[in-house]
Structures are given as C-alpha cells and as structure tokens.
Number of protein chains: 2
Amino acid sequence: MRKLKESRRPEILDAALQVVAERGLEAVSMRSVAQRIGLTPMALYGYFRSKEELLDAVLGRLLEEIQPPPPGCGWRSVLVHLSYEVRAVAQRHPSVLPLILTRPAVSPVVLRVNDLLYQALLAAGVPPAEIPRLERLLGTVVIGHVLSEVSGRFGAGTLDPAGRRAQPGAGELPGHEALAAELDRPVDWDAEFRANVDELLDLVERRSVAERRPLAEPRPLAEPRPLVERRT
Amino acid sequence: MRKLKESRRPEILDAALQVVAERGLEAVSMRSVAQRIGLTPMALYGYFRSKEELLDAVLGRLLEEIQPPPPGCGWRSVLVHLSYEVRAVAQRHPSVLPLILTRPAVSPVVLRVNDLLYQALLAAGVPPAEIPRLERLLGTVVIGHVLSEVSGRFGAGTLDPAGRRAQPGAGELPGHEALAAELDRPVDWDAEFRANVDELLDLVERRSVAERRPLAEPRPLAEPRPLVERRT
DNA sequence: ACCTGAACACCGTTCAAGT
DNA sequence: ACCTGAACACCGTTCAAGT
C-alpha cells in the first residue's frame with residue numbers, strides 16, 4: 001500500500017468535475033480525466049488508488065462548498081440553513097449527486113456538518129437518546145428529496161401526469177382519478193422542499209423537552225482550497 | 001425502432017438477478033447475463049434496446065414482489081404495510097437498490113403502489129392539495145432510509161463511531177463529544193425504521209381535517225409471473 | 001423469427017521501464 | 001519523484017450474416 005502523492009490532487013479533482021459537468025458522470029474515466037490535464041491515465045494512480053477513490057474525493061470536494069451558518073443563528077435557522085446549502089450544492093452539480101447515496105461519505109466535512117446538526121438538536125432541547133435518529137432522518141429527507149428532484153425519480157420520465165395515468169397495464173387507479181386536478185398542477189419544488197424541511201423541524205420541536213443548550217459559534221467547514229491554474 | 005420480443009424476457013431478468021445476487025451490480029453485463037442462459041450477448045438486444053432498459057426491467061421485476069395490504073386495513077395500516085413491504089424487498093435484493101433512486105421508476109407497479117398511497121391519504125382525511133407532496137415525502141423517507149441502511153450511508157465505512165470522531169482533519173467536534181454515549185450505542189435499524197414511519201404518519205394525521213373517504217378493497221399489484229425453468 | 005460472429009471504440013488496472 | 005507504454009482482460013453496441 002504505497003503512499004499517495006498530494007501535489008496535484010486538487011487539479012485532478014477539478015478536471016474530473018469539468019468532465020462531469022460537460023459530459024455527465026458516465027463520461028468520467030481515468031483516461032478522460034487524465035487527458036484533460038495532459039497526463040497519461042496511469043499518472044492518476046499516483047494520486048488515487050482506484051477510480052472509486054477518485055470519485056469519493058470528487059464527492060468530498062463538493063461537500064466542501066457547503067457554507068457554515070452565519071453566527072448568531074438559533075437552532076432552527078441552523079438546520080434550515082444547512083438544508084438549503086446542501087440543496088444548493090446539489091443543484092450546482094446535479095450529475096455528481098448519484099454518488100452521495102451510493103458511496104459512504106466519510107470526509108471530514110460530513111463529520112463537521114453532522115456535528116453542527118447534533119449541536120442544533122441539542123440546542124433545541126431534544127433528548128440525547130433521540131438525536132442520532134433525528135439527525136439521520138433529517139439527512140435522509142434532505143438528501144432523498146434533493147436526489148429525487150435532481151435525478152429523475154420525481155420527474156418519472158418524460159410522461160406528463162395525464163399520460164402516466166393512461167399507461168398500458170396500469171388498470172384502475174381510483175386514487176389518481178380522485179386527485180387528477182391536483183396531479184395535473186405543476187409542482188413548485190422550492191416550496192415543496194421548504195415545506196418538507198419545515199414540517200420536519202416542527203417534528204423536532206415537538207420532541208424537545210429537556211433544558212436547552214447554547215449553540216457554539218460556527219466556524220468554516222473546510223480548509224480554504226489551494227488555488228490551481230486551469231489549462232482549458 | 002424495432003418491436004421487441006417478449007418470449008424470453010422473464011428468463012433474462014432472472015438471469016440478471018442471479019448475476020447481481022452472486023457477483024454484485026457491477027458484474028451485470030450483457031455478456032455475463034447472456035452467458036448464464038447460453039446466449040450470445042447480442043441475442044439480448046432482441047429483448048431490450050440497451051443495457052439501461054434491461055436494468056429498468058430488473059427494477060420493475062423487483063417491485064412486483066411488493067404484496068398489496070390485506071383487505072380491511074385502515075389507512076394507517078395500509079401505509080405501514082407498504083413501507084414494510086418496500087423495506088423487505090430491498091433487504092432481499094440489497095445490491096440492486098442503487099438503481100431505485102438513479103433511474104425513474106415508471107413501471108405499472110409503481111403507479112399502483114402510488115395509487116394505494118393516494119387512497120390511504122384520502123381515507124385519512126388529508127386535504128387533496130397536500131396529498132401529492134405528502135406521498136412524495138413518505139416515499140422519500142422510506143426509500144431514503146432503506147437505501148442508506150442497505151448501501152452504506154448509515155454505515156459510514158468501516159470505522160466505528162469512536163474511530164470516526166478521531167479522524168485526522170476533523171478538528172473540534174463538540175456535538176459528537178456531548179453525544180459520545182449515544183453515538184457509541186449500536187443501532188436497532190428495525191426499530192429506527194418503525195419509529196420514522198410512525199412519526200411521519202403522525203405528521204399525516206395532524207394534516208387531516210376533511211371528512212374521511214372509504215378505502216377500496218386492495219387487489220394484487222402485479223400479474224402473476226410466468227413460470228420459467230432455470231438452467232444453472 | 002431468432003440468433004451468431006466479427007469488429008469498433010471504449011473501459012480499469014498491472015507491470016516494467018524511463019527521466 | 002513523477003510519469004509513460006504496452007499489455008491484459010474486460011465493456012456496450014453496430015452491422016451483416018446465418019438458420
């Protein structure tokens with residue numbers, strides 16, 4: 001297990017992100033990434049042990065874009081802020097997202113975001129025994145929503161709602177019929193995301209019984225990244 | 001756009017599922033699936049237009065394992081039942097799951113499950129304007145939880161909680177410290193899943209104001225599949 | 001109607017070698 | 001210390017042909 005080089009890692013990750021942005025996640029290959037910065041595919045193996053590791057690092061690189069909440073926020077604003085940040089990062093890099101539920105995210109940034117969540121739930125007065133579960137539920141809802149929105153599960157293909165209802169093999173769909181008017185309405189995803197987060201935070205609030213705990217001042221979530229000249 | 005053959009589709013899907021079960025999702029290739037039933041890779045293109053289409057069909061095949069709720073259930077039991085069914089299917093085929101959030105699921109089964117959800121929410125007395133969002137939220141939580149559980153996001157790699165806290169580059173983690181006792185406890189995922197579903201259904205119940213609507217008797221969700229002899 | 005064979009343009013990764 | 005070149009064992013898919 002050789003030691004990995006560090007020097008050009010950021011440059012390589014940027015190249016990978018460019019490939020994803022321009023040609024999609026499946027276009028990312030050791031060959032395509034290497035080519036973009038004038039290297040042989042094999043050169044990348046000095047920096048990452050495998051393609052998997054490279055992709056994990058790409059995901060970590062994205063999460064570093066998450067901004068910490070502004071100082072002086074209450075627990076609820078902290079949670080709202082972080083949810084919106086995650087969604088914003090996701091919308092900036094839609095094609096990379098499928099990685100997030102497929103690969104375990106163990107970068108230091110994830111840990112620090114989780115820590116902010118824990119602190120906020122403590123500050124909300126949630127009993128400690130309930131906090132890990134509520135933190136996971138919150139994360140699941142935020143990530144699940146964002147992923148569904150960005151990668152097609154909500155879209156349900158190209159069929160409009162009416163067409164979907166009339167699909168062959170579907171048979172009788174009394175629920176769809178009763179809700180036809182609602183289902184044909186276009187969806188405001190921004191509003192839906194806000195409503196979901198809000199409702200979950202109500203749920204959190206209802207769980208709080210204990211005495212509240214003060215929130216620490218937030219600090220930057222990631223080290224400032226080294227600057228890299230791009231050769232495009 | 002040629003018409004696709006039907007005859008041996010079930011046989012091919014079974015072969016694909018066997019490959020996934022034995023060697024994982026990445027081992028599924030036109031070559032490996034074809035080989036398992038004594039065909040040339042090219043023969044599959046008579047039944048599926050591409051590997052993508054084959055994988056979509058595999059996902060559809062899984063969803064057909066979902067059992068409809070027993071007759072005479074109240075709306076709440078219907079929703080609980082369906083959540084547990086989805087989780088059970090997921091646990092039976094863990095490696096196939098990543099497909100579910102990556103590919104839009106438009107099989108007739110999805111439609112019929114959605115329809116049961118709509119009917120249950122109507123029966124619960126939720127105002128129609130709220131139902132599509134709540135249905136999506138429910139789906140997101142169930143699928144998100146199951147996926148996280150099965151494909152590693154909750155696992156967070158091989159590090160135990162204590163080891164994770166001590167990771168290099170993590171810095172100060174006051175939230176983790178305050179919750180150390182809780183975080184070191186092993187998690188009962190069954191209980192956590194039940195608690196999440198329960199809490200969401202409470203949330204649904206709090207949304208119900210209108211007069212309730214009777215539930216129709218549930219019917220089978222999928223046609224019984226044609227029998228296929230396996231040649232192993 | 002259903003399937004095969006050869007070919008094309010790709011993959012990730014190993015190993016030994018080059019400066 | 002950092003990178004290259006050739007090679008291996010794979011991919012999905014097209015096209016023309018075979019029975």
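Here is how names work: the chains are called A, B, and so on, in the same order as the sequence lines, proteins then strands, and each is numbered from 1. Heavy atoms only: backbone and side chains are in, while hydrogens, waters and symmetry mates are out.
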Inset, instruction - May I ask you to decide whether B:Glu182 forms a salt bridge with B:Arg185, counting only side-chain N to carboxylate O separations under 4.0 Å? - result: yes
Legend entry - A:Ile100 side chain reached by A:Leu59 side chain, heavy atoms, under 4.5 Å: yes
Inset, instruction - Return yes when atom CD of A:Glu22 has more than 12 non-hydrogen atoms of other residues, nucleotides or ligands closer than 6.0 Å, and no otherwise. - result: yes
Inset, instruction - Starting at atom CG of B:Leu4, determine the distance to atom P of C:dC2, rounded to an integer number of angstrom. - result: 11 Å
Inset, instruction - Could you check how far CD of A:Glu6 sits from P of D:dA1, rounded to whole Å? - result: 15 Å
Legend entry - Minimum side-chain heavy-atom gap B:Val187-A:Pro132 below 4.5 Å: no
Inset, instruction - May I ask you to say whether B:Arg36 pairs ionically with B:Asp14, meaning some side-chain N is under 4.0 Å from a carboxylate O? - result: no
Legend entry - B:Ser7 side chain, from C-beta outward: closest of D:dC2, D:dG12, C:dC2: C:dC2
Legend entry - Pair assignment for C:dA1, Watson-Crick or G-U wobble, requiring both distances under 3.5 Å: D:dT19
Legend entry - Minimum-distance nucleotide to B:Met30 side chain [options: C:dC3, D:dG12, D:dC2]: D:dG12
Inset, instruction - Using whole Å, report how far CD of A:Glu11 lies from C1' of D:dC3. - result: 14 Å
Legend entry - Integer-rounded Å distance: D:dC11 P and A:Glu26 CD: 18 Å
Inset, instruction - Take atom CD1 of A:Ile12 and atom C1' of D:dC2, then tell me their distance rounded to the nearest Å. - result: 12 Å
Between the protein and nucleotides 4-8 of chain D, which nitrogen or oxygen pairs are less than 3.5 angstrom apart?
from  : atom 1 : to      : atom 2 : distance (Å)
D:dT4 : OP2    : A:Thr40 : N      : 2.8
D:dT4 : OP2    : A:Thr40 : OG1    : 3.1
D:dT4 : O5'    : A:Thr40 : OG1    : 3.3

Legend entry - B:Leu82 side chain near B:Ile66 side chain, heavy-atom distance below 4.5 Å: yes
Legend entry - Whole-Å gap separating C1' (C:dC10) and CZ (A:Arg23): 12 Å
Inset, instruction - Report yes if the side chains of A:Arg87 and A:Trp189 come closer than 4.5 Å at any heavy-atom pair, otherwise no. - result: yes
Inset, instruction - Answer with base, sugar-phosphate or nothing: what part of the nucleic acid does A:Phe48 contact at a heavy-atom distance below 4.0 Å? - result: nothing
Legend entry - Side chain of A:Tyr47 - closest among C:dC3, D:dC2, D:dG12: D:dC2
Legend entry - Under 4.0 angstrom between A:Arg8 side-chain N/O and D:dC2 OP1 or OP2: no
Inset, instruction - Can you tell me the pairing partner of C:dC8 across any strand shown, Watson-Crick or G-U wobble, with both distances under 3.5 angstrom? - result: D:dG12
Legend entry - N or O in side chain of A:Arg49 less than 4.0 angstrom from C:dT13 OP1/OP2: no
Legend entry - Atom CD of B:Glu53: over 12 foreign heavy atoms under 6.0 Å: yes
Legend entry - Length of the CD-P vector between B:Glu52 and D:dC11, whole Å: 18 Å
Legend entry - Interatomic distance where CG belongs to A:Leu55 and P belongs to C:dT13 [whole Å]: 10 Å
Inset, instruction - Report yes if some heavy atom in the side chain of B:Val20 is under 4.5 Å from a heavy atom in the side chain of B:His93; otherwise report no. - result: no
Between the protein and nucleotides 17-19 of chain D, which nitrogen or oxygen pairs come in under 3.5 angstrom?
none

Inset, instruction - Fit a plane to each ring of A:Phe193 and A:Tyr84, take the angle between them on a 0 to 90° scale, and name the class: parallel (under 30°), tilted (30 to 60°) or perpendicular (over 60°). - result: tilted
Legend entry - Distance below 4.0 Å between B:Tyr45 side-chain N/O and D:dT13 OP1 or OP2: yes
